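Read through the structure below, which is laid out as structure tokens, and then see the notes.
Predicted model only: the values in this text are computed from it and were never measured. Just follow the structure's listing: the first ligand is 1, and inside any ligand the first atom is 1. Count residues from 1 along the sequence.
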Amino acid sequence: MDKRSFLKNVGLMGLAAPLSFAHLERAVADVKHLAPADLAAEEDFWLKVRSDYDIKPDYINLENGYYCFMPRQTMDHLVEHMRYINREGSHYMRTVQWENKNMVADKVAEIVGCTAGEVAITRNSTESLDLIIGGLDWKAGDEAVMAEQDYGAMLNHFKFIERRFGTVNRFVSVPNHPKSDQEIVDLYASAITDKTRLLMVCHMVNITGQVLPIRKIADMAHARGVEVMVDGAHAFSHITFQMKDLDCDYYGTSLHKWLSAPLGSGMLYVKKEKIDSVWPLFAERDLEPNDMRRLNHIGTHPVHTDLAILNAIEYQNAMGLERKEARLKYLQHYWTSKLRDHPGVIVNTPVEMSRHGGIGNVGVEGIEPGDLADALMNDHGIFTAAINRPGVRGVRVTPNVYTTIEELDALVSAIKKISA
Ligand SMILES: Cc1ncc(COP(=O)(O)O)c(C=O)c1O
């Protein structure tokens, strides 16, 4: 082995340790015969998964939407990578850093069926999406379409672009219970004019958990010459999809959300032929046309985080994304179906399985969202997130795969008590 390949191999130490997720692999082997939708309700299996997580006993955590913390094994790998890179120092940075980062991009790209050349590893959704919003060549009078329910950081960046370049932001308001995909497509179409340049849309609305019909919106927008940027902060590694099926131009997500990668990891996808139309935030040297690296010159950064993304993917692969998706949908459906028709309770997430994942939102008539979240936490030991946004007033409830039915029963009982 020459010196370089030795270093590379050492640099990859621990990235693909086959036994590291043996516990999960054994548990999955026992239930391989079950379809994901049937396994979703097998509490014995999910209790085994739960034991991979260090869960605080102080409260019931139904706020995994901010950050899906890592299972113990991914965390151990992260610490190992940190130790290793601290020992290697600049040597690692000057030898295999970029090769390894490309490998990470490759593995992330595999999840959604695109090429590594269309993917940049970023720190989070904010960086990914703001790179596009801030990197397009805006001219005065250009218009962008977005929703009142979109994430604040992106809306703020669009506001800033409006002030800086004299562009115009147009808003739609996404209904919580659409009658059809067409209703949503027509809504976005109604905000497009002949000056519209970009349409931003959430794949999964973070405050309600509603999944939007991205492909249909993209087809409509493209037919009118408008580019589509998808905020996939909550959809990636939560629901199964392939990038080619969405046919969007840009897609940003955080890997520390549903992939359970370490904090500070994200992904930006740019359709190959669009890469050159985005100005980088930090300049890169001249590269071949449409080389994704031109958008990804971030300087020296915590490379151990990049490496642990591979371990997070390994963990997810051992579980199987389809099993994970089915479990998350099942959990959401479990608690929302017990509350949907309860007097005084308002569920702000659509009922159809195709329109939601694991996130749900519930309000109680006459109670401010902040007060509801406080009552749940202080009186019932249940941690949720208060949401008070246009058309959405309630608490966001985000279980993770390890959440138990007993925990959701506690939520249902607490909401019923509060609404009474
Ligand atoms: C829809 C949506 N977009 C973007 C973000 C920003 O994610 P991050 O803080 O990881 O950049 C979030 C965070 O919760 C979100 O829910």
Query raised in the report: Should you measure from each heavy atom of Asn206, which atoms of ligand 1 turn up under 4.0 Å away?
Result: 1 (C), 16 (O)
Query raised in the report: Could Arg396 and Glu63 be called an ion pair, given the rule that one side-chain N must be under 4.0 Å from one carboxylate O?
Result: yes
Report summary line: The closest protein heavy-atom partner of atom 11 (O) of ligand 1 is Thr126 OG1, 2.6 Å
Report task. Please identify which atoms of ligand 1 are closer than 4.0 Å to at least one heavy atom of Ser254. Result -> 7 (O), 8 (P), 10 (O), 11 (O)
Query raised in the report: Ion pair present between Arg72 and Asp76, side-chain N to carboxylate O less than 4.0 angstrom?
Result: no
Requested in this report: Please work out whether the ring planes of His81 and His77 are parallel, tilted or perpendicular, with thresholds of 30° and 60°.
Outcome: parallel
Query raised in the report: Would you call Lys257 a ligand 1 contact, heavy-atom distance under 4.0 Å?
Result: yes
Requested in this report: For Ser125, counting its heavy atoms only, list the atoms of ligand 1 lying under 4.0 Å from any of them.
Outcome: 4 (C), 6 (C), 7 (O), 11 (O)
Query raised in the report: Taking NZ, NE, NH1 and NH2 as the nitrogens, is one of them in Glu162 or Lys159 under 4.0 Å from a carboxylate oxygen of the other?
Result: no
**Report entry** Option passing side chain to side chain contact (heavy atoms under 4.5 Å, CB included) with His356 (candidates Val205, Thr349, Val351)
**Finding:** Thr349
Query - Point-to-point distance, once rounded to the nearest 0.5 Å, from NZ of Lys139 to CZ of Arg197 - result: 7.0 Å
Query - Asp231: numbered ligand 1 atoms lying under 4.0 Å from its heavy atoms - result: 1 (C), 2 (C), 3 (N), 4 (C)
Query - Protein residue, atom and distance nearest to atom 15 (C) of ligand 1, heavy-atom basis - result: Tyr151 CD1, 3.3 Å
**Report entry** Aromatic ring proximity Phe69/Tyr402, centre distance under 6.0 Å
**Finding:** yes
Query raised in the report: Non-hydrogen atoms of His256 versus ligand 1: any pair closer than 4.0 Å?
Result: yes
Report task. For ligand 1, indicate whether the residue His234 contacts it via side chain, backbone, both or neither (heavy-atom separation under 4.0 Å). Result -> side chain
